[in-house]
Amino acid sequence: DAGVTQSPTHLIKTRGQHVTLRCSPISGHKSVSWYQQVLGQGPQFIFQYYEKEERGRGNFPDRFSARQFPNYSSELNVNALLLGDSALYLCASSLGVTGTYEQYFGPGTRLTVT
Amino acid sequence: AQRVTQPEKLLSVFKGAPVELKCNYSYSGSPELFWYVQYSRQRLQLLLRHISRESIKGFTADLNKGETSFHLKKPFAQEEDSAMYYCALILTGGGNKLTFGTGTQLKVEL
């Protein structure tokens with residue numbers, strides 16, 4: 001298994017545009033979480049999905065949305081991009097949604113908003 | 001709200017010297033504490049968690065509820081320990097949503 005995969009690797013967008021980031025979990029993992037990592041900071045939780053349902057949402061504006069598909073892959077959408085949205089977006093997958101289950105992180109998508 | 005504090009952005013030690021990466025948290029409940037590590041050009045990965053009470057790659061961490069700390073220690077640093085280390089917590093009943101600290105860059109010099 002290649003582990004958690006994310007696409008694209010890098011992305012450059014202009015303020016006001018929309019972006020979609022994609023994540024494929026490890027085979028058998030039903031939970032996907034999204035984190036935003038701004039330069040110099042630790043990852044910050046955005047969303048968690050399990051069995052296609054939202055299980056948690058971090059302190060992010062409504063411009064951020066996500067969904068999980070029947071094959072457990074996930075998309076993170078950000079509308080009306082701001083310069084402050086420039087960050088590394090990490091996806092993590094796990095078997096379940098309790099602390100017992102280790103989260104496995106993907107390589108991230110580097111988003112630059114100009 | 002819960003918070004994880006890692007006071008050192010950079011910690012530089014010589015090979016063979018002891019290492020202590022500090023982590024303090026603010027949360028009134030009983031969180032689960034973790035250390036994650038990111039080696040150069042690699043993904044963020046779990047190093048250890050407090051509930052397992054195990055030693056990974058020579059690192060240990062003890063949860064001190066009185067001081068709300070979860071410092072990461074290793075008696076003898078190795079060059080391959082150079083990496084970014086993040087302390088993180090999960091709240092009681094918080095699923096597995098992680099709250100991370102800002103990270104400490106450990107540099108082991110020869």
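The structure presented is a predicted model; accordingly, all values stated were derived computationally and were not measured. Note on naming: letters A, B, ... go to the chains in the order of the sequence lines (proteins, then strands), and numbering restarts at 1 for each one.
In the displayed structure, Tyr39(B) atom OH is contacted under 6.0 Å by more than 12 heavy atoms of other residues, nucleotides or ligands. With a 6.0 Å radius and a threshold of 12 heavy atoms from other residues, nucleotides or ligands, Leu39(A) has its CG atom at or below the threshold. With a 6.0 Å radius and a threshold of 12 heavy atoms from other residues, nucleotides or ligands, Tyr27(B) has its OH atom above the threshold. Within a 6.0 Å sphere centred on CG of Asp62(A), other residues, nucleotides and ligands contribute 12 heavy atoms or fewer. For Ile12(A), the CD1 atom is loosely surrounded, since the number of other residues' heavy atoms within 6.0 Å does not exceed 12. At most 12 heavy atoms of other shown residues, nucleotides or ligands fall within 6.0 angstrom of atom CZ in Arg3(B). No more than 12 heavy atoms of other residues, nucleotides or ligands lie within 6.0 Å of CZ in Arg15(A), so this atom counts as exposed by the packing criterion.
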Subject >> side-chain contact (heavy atoms from CB on, under 4.5 Å) between Phe105(A) and Gln42(B), intermediate numbers included >> reply: CA-CA 10 Å; Phe105(A) 284 83; Gln42(B) 294 188 27; over 6 Å; no
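Residues Gln48(A) and Asn96(B) form a side-chain contact, since some pair of their non-hydrogen atoms from C-beta on lies under 4.5 Å apart. Inter-residue side-chain proximity for Tyr36(B) and Pro43(A) is flagged as unmet; no heavy-atom pair is nearer than 4.5 Å. For the pair Gln103(A)/Leu98(B), a side-chain contact is recorded, criterion being any heavy-atom separation below 4.5 Å from C-beta on.
With a 4.5 angstrom heavy-atom cutoff, Leu44(B) touches chain A via backbone and side-chain atoms both. For chain A, the nearby part of Arg49(B) is the side chain; its heavy atoms alone come within less than 4.5 Å. Of the atoms belonging to Gln45(B), not a single heavy atom falls under 4.5 Å from chain A. Only the side chain of Tyr35(A) comes within less than 4.5 Å of a heavy atom in chain B; its backbone stays farther off. Heavy atoms of Gln44(A) lying under 4.5 Å from chain B are absent altogether.
Between the CD atom in Gln37(A) and the CD atom in Gln38(B) there is a gap of 6.5 Å [rounded to 0.5 Å]. The CD atom of Gln6(A) sits 8.0 Å away from the CZ atom of Arg43(B) when rounded to the nearest 0.5 Å. Going from atom CD of Glu32(B) over to atom OG1 of Thr100(A) covers 6.5 Å, rounded to the nearest 0.5 Å. The CD atom of Gln41(A) lies 6.0 Å from the OG1 atom of Thr102(B); values are rounded to the nearest 0.5 Å.
A continuous path of hydrophobic side-chain contacts links Phe47(A) to Val19(A) [ILVMFWY only; heavy atoms under 4.5 Å]. If you chain together hydrophobic residues whose side chains sit under 4.5 Å apart, Leu11(A) and Ile46(A) fall into the same group.
Ring pair Phe100(B)/Phe45(A): centre-to-centre distance not below 6.0 Å.
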